[in-house]
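Beneath this line is the structure, given in structure tokens, with notes to follow.
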Protein chains: 2
Amino acid sequence: MALAGPRRTEIKMIERLSSRQVTFSKRRKGLFNKAADLSLRCGAEIAVIVFSNTNKMYEFSSTTMEHILSRYINHGAAAGFSMESPEKKPQDEPADKYELSSCDTLSAILLLQEHIAALNLDCSRMMGMQLDGLSLKELNQLEEQIREGIESIEKRKIEVQDYYKYKPSYLLEYSNHLDRNNSQFFYGTSSSAVSDCTESGQSNDFVDTSLHL
Amino acid sequence: MALAGPRRTEIKMIERLSSRQVTFSKRRKGLFNKAADLSLRCGAEIAVIVFSNTNKMYEFSSTTMEHILSRYINHGAAAGFSMESPEKKPQDEPADKYELSSCDTLSAILLLQEHIAALNLDCSRMMGMQLDGLSLKELNQLEEQIREGIESIEKRKIEVQDYYKYKPSYLLEYSNHLDRNNSQFFYGTSSSAVSDCTESGQSNDFVDTSLHL
DNA sequence: GACTATGTATAACC
DNA sequence: GGTTATACATAGTC
């Protein structure tokens with residue numbers, strides 16, 4: 001008689017390789033089933049990509065992977081631009097931003113590069129570089145911005161210190177895991193909802209980091 | 001007294017819109033949790049993309065979406081990406097040498113988005129946001145970086161003040177204009193391919209403003 | 001958004 | 001790869 005069931009299993013990396021592989025197979029299958037279920041029941045379009053420990057790739061997609069990915073790309077490309085030009089009002093989203101078709105790849109790339117240039121400039125300036133052309137007023141704004149950043153960081157440092165002081169280890173598990181992978185996402189916030197056509201503001205994917213100078 | 005539980009549910013599209021939406025929310029959350037579990041327990045890298053009926057997008061990714069997707073693209077490109085054409089795909093085709101394949105374009109965009117995500121993260125952190133997952137040491141490094149930035153800005157402010165002091169204003173405007181146009185630097189560093197197999201930590205070195213945390 | 005009865009996924013074992 | 005006991009997910013309901 002098997003007395004075993006899924007005992008209170010702590011959520012952490014399984015050490016034993018064989019167990020890990022078995023668990024991976026079973027759970028991966030379960031995950032794909034869940035995805036298929038959700039897709040069918042709710043008419044959702046779902047893609048799941050999994051890379052195992054051993055760099056093997058597994059995928060599920062309710063329609064075509066390519067279709068979902070290009071849909072994702074277009075969505076992200078559109079949603080990613082909130083502020084490449086500081087002159088523009090960030091809240092007013094002109095309709096044309098969401099009209100990127102999959103054929104507009106070249107312009108999408110150009111826009112992304114523009115976006116990168118702007119972000120690069122912002123980053124550089126916060127590090128005290130590329131300050132040419134900023135007026136005194138703008139320099140003051142920049143400095144103010146940065147000082148607020150430092151304040152937040154100081155606060156966070158205290159939080160982290162307390163956190164480690166009183167750490168419940170089960171809370172650290174996932175964030176530690178993510179730390180190892182150098183991810184910016186924390187467990188609860190890695191899922192985000194962004195509307196396809198009409199967006200009313202909230203977007204977790206791309207934080208508006210523009211300095212608006 | 002609620003006598004209900006999940007009765008045997010046939011797997012088909014849920015007709016009632018409200019039920020479908022509720023179910024979608026619950027199951028999507030469940031799916032993402034499963035993905036997170038699997039990722040953590042087995043050290044897998046997982047991405048899930050979901051488009052709802054109403055074209056809302058939701059995503060989960062154990063690391064960054066861009067990283068996983070470009071890994072997917074590269075993997076697929078190397079090992080039989082063509083599912084629809086069972087025939088072989090010779091890579092040495094002089095014909096499309098000067099033509100970007102859709103795969104290349106997609107991966108180019110992903111690379112750019114990954115770049116943007118990294119820059120966004122850097123900028124956010126310098127502004128005191130997105131600090132989750134940074135260790136105390138990293139927070140200190142970040143703060144140090146920023147303080148150096150402030151120092152440079154202070155110095156620049158003095159320069160500018162002197163500039164105003166000793167320069168006729170009609171010359172000032174014009175040179176300010178020139179400064180501004182010259183200050184935008186481009187995405188000059190050639191974008192190196194992101195290595196897939198070796199997870200040697202952060203690989204956004206192509207950003208010269210990277211914080212290297 | 002919380003509750004609860006019930007179905008489902010799955011860890012340990014074969 | 002199959003079985004079973006148990007934890008987990010969740011449909012219907014408030």
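Fair warning: this is a prediction, and the values are worked out from it, not measured in the lab. Protein chains get the first letters and strands the later ones, always in sequence-line order, with residue 1 at the start of each.
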### Which residues share a side-chain contact (heavy atoms from CB on, under 4.5 Å) with B:E154, sequence neighbours left out
A:E143, A:R147, B:I150, B:K157
### Message
From CE of B:M13 over to P of D:dA11, roughly how many Å is that when rounded to an integer?
### Response
15 Å
#### Entry: Exercise: do B:T63 and B:E45 side chains pair donor with acceptor under 3.5 Å
yes
### Any A:V160 side-chain heavy atom under 4.5 Å of A:I158 side chain
no
### Summary
Between CG of A:D37 and P of C:dA9 the distance, given in whole Å, is 7 Å
### Task
Decide whether B:N33 and B:R28 meet the rule of one side-chain donor and one side-chain acceptor closer than 3.5 Å.
no
### Query
Can you check the B:I11 CD1 to C:dG7 C1' distance for me, whole Å?
12 Å
### Message
Checking the side chain of B:R125 only, and the main-chain atoms of B:Q130 only, is there a donor and an acceptor separated by less than 3.5 Å?
### Response
yes
### Rounded interatomic separation in angstrom, taking CD from A:Q21 and C1' from C:dA11
16 Å
#### Entry: Under 3.5 Å: donor-acceptor pair, side chain of B:S61, backbone of B:T64
no
### Task
Could you tell me whether a side-chain N or O of A:E138 sits under 3.5 Å from a main-chain N or O of A:S135, the two making a donor and an acceptor?
yes
### Message
Is the phosphate of C:dA11 approached by A:T23 (side-chain N or O, under 4.0 Å from OP1 or OP2)?
### Response
yes
### Query
B:Y58 and ring-ring contact (aromatic ring centres under 6.0 Å, His included): which partner among B:F32, B:F24, B:F51?
B:F24
### Axis bend over the full length of the helix from C:dG1-D:dC14 to C:dC14-D:dG1, computed from five pairs that close each end, to 10 degrees
40°
### Query
A:R41 has an atom CZ; how far is it from atom P of C:dG7, in whole Å?
13 Å
### Task
Residues of residues 24-35 of chain A with any non-hydrogen atom less than 4.0 angstrom from an atom of DNA chain C: list those, numerically ordered, please.
A:K26, A:R27, A:G30, A:K34
